[in-house]
Structure formats: C-alpha cells, structure tokens
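Naming: A, B, ... by sequence-line order, numbering from 1 per chain. Just so it is clear, the values below take in all heavy atoms, side chains as well, and ignore hydrogens, waters and symmetry mates.
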Amino acid sequence: MMQRDVASFAFAPAVKVRLISAGFLTAKDICDLRPTELSKEAGISQQEALEVLQEVRRGPAEQGAAESRLTALELLEREQALGTVITFCSALDQALGGGIPVGKTTEICGAPGVGKTQLCIQLAVDAQIPGCFGGLGGQAVYIDTEGSFLVERVVDVATAAVQHCTLITKDTEQREALQSFTVETVLSQLFLFRCHDYVELLAQTHLLPDFLSQHPKVRLVVIDSIAFPFRHSFEDLSLRTRLLNGLAQQLTQIASQHSVAVVLTNQMTTRIGQNQSMLVPALGESWGHAATQRLILHWEGKHRFASLYKSPSQREATVPYQITPHGFRDVQLPDPSVTPADPSLTPSLNSRKRPRGEEGDPSDA
Amino acid sequence: MVILREGECPGLTAEVIQALRSQNVRTVVDLVSSDTEELARKCALSYKTLVAVKHVLLAQYTAFPTNGADLYEELLSSTAILSTGNPSLDKLLDSGLYTGEVTELIGTPGSGKTQVCLGVAVSVACDLKRNVLYIDSTGGLSASHLLQMVQSKACKMEEHMEALRRIQVRQVFSVFSLFEAQQDLRSSGFHQVAGGSGSVKVVIVDSVAAVLSPIIGSRQTEGLSLMMQLAGELRTMARDLGVAVLVTNHMTRDGNWAVKAGLGRSWSHVSQTRVLLQRVEREGAKPSGLRTATLVKSSRQPSQISQEFDLGACNQPQDLLPAPRDFRKINIHYH
C-alpha cells in the first residue's frame, strides 16, 4: 500500500502535477502529513489536500477489495446461484447453456426485421416467470432508444407465457405462484425508460446502479438498441469509441455487481471488401470486444437463424428459430397441422419491415 | 525527486532541512546537484556535514551496475517456464510463458483470447500446483467453464476444489482498480515464501484494453500517462515478483481496413512477446474451434511463425515439455 506511486491514484491531473513537482512520489511520502502541511508543500488548496489524504490512507478493506477478490471456487458457488433467462426457444437455450446468463452482458446483432426487438420483449417477459417454473421471478428494465417498443406486443407475449405456464402447472406451489404471474403483473413489473439520444442514454446508465439498488428484484436490463443513438450524426469517431468503451465497462460492472443480465441490441452495417460486401455488426471493431457474449441473428433464404458467435463458455452454434404471434419460439419440425415458418404470417407488427429480399443490405446509413 | 526528510541519514536534522529549504533545496536532486561550498556558506552549515550527507544520500539512491555474468546466473536460478496447457502454443512460445516477462495476446472478438487465458490458469493451477491471479475486466471468466476444464484434467473431487482455490479472481472495471489489484499483489508478495506453495506464479489481465480504451485518445494526456504507468507496473511486477504476466489486447482497424493491435504504438513496446490469434476461415465450413496463433513479436523465436490449434483441445493431459535444443537455453520448469 505504501509503495504505490502517486501517479496511479485517481486525483485530478492538476493536483497530481503539483504533488509530483513538489517531490511526493509514493504514497509513503504523503500519508504522514497533515492537510495544512500538505497544502502548503504542494501548493494545493486545503480541500484538495484533505481529499488526497483520504484517498491515500484508505485501507484495502474499505475499498471493497474484500468482495472483489475471490477464489475461483467462491466464484463458482456464486455463479451457480445466479440463473439464466430462458428464451422459450429450446434450441437456442441449449446453445447458450440454459439461456441468457445473469451477471454478464450479451449482445444481439441482426439486420432489420430479423427479430431482435421480439427477442428482447420475450426476454423481458421470461425474466418474470416464477422460480418454480424454472424462471427467475424477477423484474425487468427496458431502455428503448429507437421507439420500437409496443405494449400490445408485450401483452400478446405475456398472455402466451401465462397460458403456457397454466398448462404445465402440476402442484400447489406452482398454482400459488401462478396467482402472482398474470398479464397485469408482468406489465407492472416491467420498467420502461425512453432515451432519445446518446446523452440521455449515458445519463440513464449512470443512474442505473442507484435504480437497481432501490429495486433489488430486477434481473434483466435490456437496451434496445445501443447502436441507434451512436450511429447518426456523430462526427467525432474517436469520441464515439471512447464513450462506447466506457459504457461497456459500466454495463459489465452493473451486470456483475447487481446480478442482472444485460442485453444489448446492435444493428448491422455493410463492410465493403475487395470484391464483395458483407454485413457486419455496427459500431466498429472495438465494440466487438465490449460484450461478453455475442449472438448474431440472420436470414438464410426464408428462414431465421441465430448464431452464437462469441462466448466465454459455450461452443459456437447456429440454431433456427421463428417469430410467432406468441413470441420467440423454436422452429417446429414440418407438420401439416402446424403453421410453417413464413415471415408473411408473422403479426402485422412486422409488416412495416420490408419483406425478405435477397442477400445483402444496400440501404444502410 | 525524492523529498528531503529528517532522519533519512545521520546528518540530516530538522534544522538542517529548514536551512536548506530557505535556499530552495527541497529534494535529493536539488542537494546533490548544488555546489556544496556555496550552500554551506549560504545556509551557515558546516561543510563537512553537508559533504557527509551528500555521500550518504548518493549511496542510498544510486543504481548499482551489475555485470552480464551475474545477470545470467540470476536469470538461470530465478526464471521458470510455465506451460500454457496447449502443446502447439507451447511450441510457438519456446516452451511456454517465461516468468519475469510480459506476454500479450491479440485477436479479434471471438478469436479465443479468453479461452487461452483460462487454459493457462487451469494448467498452472492443476499441473504446476501454483497460484494464479486472474484479473478480469470483461466478465469473460466463467467459473463453471473453469470447473469443466479442471475436471477434464484431474479425476478426484478434492483436486478440483484444490485447483479452483488456487485461482484468485479480481474483477476490475477501471484502471484505478487495476492499480489497486497490482498493489495488493505486491504487498502480499513480500510475505510469500519464495517457491512455497502459496506463491503466485502467473498474473493474467483480461483484458487490459477494456480498462484503458475509455481514457485514451483525443488531446487528453492523462490517459496516455496512466497507460505508461500501468506498463511500468506490469513489467516491474513481472521482474520483481518473478511472475509471468499474460495480458490480452483488442484489435482495431485502421483506415484501410487492415487490422492492427489496439492501444497504439506505445503499448506495443511493453510486451516482450506478442501472439496474434485468428480464426481459421475455411470456405463453406461450419465455425469450429480451430485457431491460428502467429508469433508477431518475440525476443527468442523467429517472428511470423504460426501454429494451428484447436481451442477445445486445450488442457489435454500431456507429458514433459520438449527437451532443450541448446544447452545454453534456459530449461528450468516446475513439476
């Protein structure tokens, strides 16, 4: 503790420069002084000297280092206590190792109309499924930056989820839990924030830890989408990279410290290579490192597929899925009595997205 | 620029320091670089006292040269080579990670950097039975995955738990918490018995770019100074504590869509060895666990050699490391 360089503490740059030019190089030089002595020696104000001394004298125990330092064994126990948020598509759940992991950040990328918002709405409902049905029984926070959140859709998805649970109820515990799992409660436990530009989004992320401390039952935070506010009319790209990286760190910290699953939606952009153009996730190369897990939703012909592209613990996999009036579901095996996966039969909500054309996305900002 | 304090050496009393201060001599450098006779006259101090103080201070603060033979002896006795758990990667790195050095992994998202780090942690904890400090800033550390990897190596339940207990995890989300973590390691490092079973042998920082990239860029120089401060700390930590340091870094694209390592040119000088991980793209094939590792920078091997390996095949049980090709090469590894 005593050998730490003054330059590595979190002081204001002006204060640091004054301290170093006065000859204070390590923490040992400073910690024995009184505030008046320090302010006279270094030429800084009394208030600044007091803050400097408080920071330097803070022992490791008060910094919360005790809780951020664990062995892998303790981390394992903690991880097993957290759960996952299921997606109602069993193939995808299996590929993800049970569902979207709580305590980590997951990014969902995809072209317009492929189903990102649908998946987010499904997850917001699934996070509230009671524990005895295999869910988390928690609340959800939905941060909407695009304006694509429709309450009617949430009602549809919630109704289907409640119906599904009612059908599989077996014992009294589940029956009791079902009393508190209705469409009304689902809607009342979903907190919606609307952010119109990147400044509001950054502010909301700063305020999120306090909100989560006041609402400890929240298990899912969805930001749909994180690309939209950062893509249009942003001239300074290096500022954008810095802001995004800072945002990513904050979200990872929130996910880990408050035990929530953070889900971010990203758009796709076209990269023009030598002979061909391909669709890649937007927001740049360094953003690719930001989220812990990355899921890419894409079309292949008329069918939708989800690929797990980056994950700390699962192998890469691609699974098919479909969007039905009930929400995000598995693709059923071909059966004459079941509706085939056909985009034209998805609810009218999706008719504002253009129908499936050929590969590639020519119109992108 | 160390400040003069009373009691630092026999002649340096409070009055002497007061007198020197009045002449604007506050630090050791000021005292040593000033003219002693003139200073003695101006401060009304005895010339002998000042000369004595100057000698003691010089002896205390000078760096001592050492010759190459001593350095070689010290290196032979203190360096160890740690296997990464993956034989192809070991071959690329000239038997593994060297203690006292910083090794860097770079790659695009999903190229396997975290996986290799986990493999190293498991290999050191299980095979070498040494402690590992894993500093995680991305949330990519999944303890259940670690358990899976440990289970594929050891058979007994107690051994799994033992191995997991040896891996210490610190979650950091800013560069200042990273400094605190390093400081904790240093202060606890002095209490460790050298070579004892409690000593940390490898420090993994995954990823260093995640904590540094929010503060680097534009005209603020604070970020750059913190980055170089961190670089200095990593290298001194590797050398002083005799640990192998493994860091991971991003890749970004420059103007012509060519990939380059993140954090800029200044950071590229920090590590002694740099390995680039890439996915193996085969036409029409499904995504697999195959990766290529290319040695981009090394002080021992020819650069640009590469090896292909399978991420899933990390941590297969393996026997002794390959025999040295040259008796002059350092060949000490723990068992």
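- At most 12 heavy atoms of other shown residues, nucleotides or ligands fall within 6.0 angstrom of atom OH in Tyr309(A).
- Minimum interatomic distance between Ser142(B) and Ser313(A) (heavy atoms only, all atoms of both residues): OG-CB, 3.7 Å.
- Proximity to chain A involves both the backbone and the side chain of Thr108(B), based on heavy atoms less than 4.5 angstrom apart.
- A salt bridge does not link Glu285(A) with Lys260(B): none of the charged nitrogens is closer than 4.0 Å to a carboxylate oxygen.
- When heavy atoms are compared at a cutoff of 4.5 Å, Leu141(B) approaches chain A by way of both its backbone and its side chain.
- The minimum heavy-atom distance linking Pro312(A) with Gln115(B) is given by the pair O-OE1, 4.0 Å.
- Chain A forms the most heavy-atom pairs under 4.5 Å with one residue out of Leu146(B), Leu226(B), Val211(B), and that residue is Val211(B).
- Considering only heavy atoms from C-beta on, Arg242(A) stays 4.5 Å or farther from Ile215(B) through its side chain.
- Atoms CD and CZ, from Gln250(A) and Phe173(B) in turn, are 11.5 Å apart once rounded to the nearest 0.5 Å.
- A salt bridge links Lys16(A) with Glu222(B): the closest approach of a Lys/Arg side-chain nitrogen to an acidic carboxylate oxygen falls below 4.0 angstrom.
- For the atom pair CE of Met251(B) and OG of Ser286(A), the computed distance is 12.5 Å after rounding to the nearest 0.5 Å.
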TODO: In sequence, state the C-alpha distance, the side-chain angles, and the governing distance for Ser256(A) and Gln171(B), and then conclude on side-chain hydrogen bond (donor to acceptor under 3.5 Å, both in side chains).
DONE: CA-CA 9 Å; Ser256(A) 171; Gln171(B) 290 181 319; 3.3 Å; yes
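- The 12-atom threshold is exceeded at CZ of Arg240(A), counting heavy atoms of other residues, nucleotides or ligands nearer than 6.0 Å.
- Per-residue counts of heavy-atom pairs under 4.5 Å with chain A were compared for Gln148(B), Arg165(B), Glu233(B); the largest is that of Arg165(B).
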Open item on the list: Let's go through Asp5(A) and Gln229(B) carefully: what are the C-alpha distance in whole Å and the side-chain angles of both, what is the deciding distance for side-chain contact (heavy atoms from CB on, under 4.5 Å) to 0.1 Å, and is it a yes or a no?
Closed with: CA-CA 9 Å; Asp5(A) 277 345; Gln229(B) 182 87 27; 2.9 Å; yes
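- Counting all heavy atoms, side chain and backbone alike, Thr252(A) lies closest to Ser137(B) at CG2-O, 4.4 Å.
- Here the OG1 atom belonging to Thr114(B) is positioned 10.0 Å from the NE2 atom belonging to His289(A), to the nearest 0.5 angstrom.
- Contact count against chain B (heavy-atom pairs under 4.5 Å) is highest for Leu76(A) among Leu76(A), Thr105(A), Leu243(A).
- The two residues Gln249(A) and Pro214(B) have their closest heavy-atom pair at CG-CG, 4.4 Å.
- The neighbour count for Glu37(A) CD, taken as heavy atoms of other residues, nucleotides or ligands under 6.0 Å away, is above 12.
- With Thr292(A) contributing its side chain and Thr138(B) its backbone, the two residues share a donor-acceptor pair below 3.5 Å.
- Ranking Ser225(B), Gly140(B), Ala125(B), Ser177(B) against chain A, the residue ahead of the rest is Gly140(B), based on heavy-atom pairs under 4.5 Å.
- When each of Glu74(A), Lys310(A), Glu79(A) is scored by its heavy-atom pairs under 4.5 Å with chain B, the top score falls to Glu79(A).
- Summarising the geometry of Phe176(B) relative to Phe9(A), their closest heavy-atom pair is CE2-O, 3.5 Å, with the distance given to 0.1 Å.
- Neither the backbone nor the side chain of Gln182(B) comes within contact range of chain A; no heavy atoms are under 4.5 Å apart.
- Classification of Glu316(A) and Arg291(B) as a salt-bridged pair holds, one side-chain N sitting under 4.0 Å from a carboxylate O.
- In this structure, the separation between OH on Tyr134(B) and OG1 on Thr71(A) is 15.0 Å, given to the nearest 0.5 Å.
- The parts of Ser213(B) that come within reach of chain A are both its backbone and its side chain, each placing non-hydrogen atoms under 4.5 angstrom from that chain.
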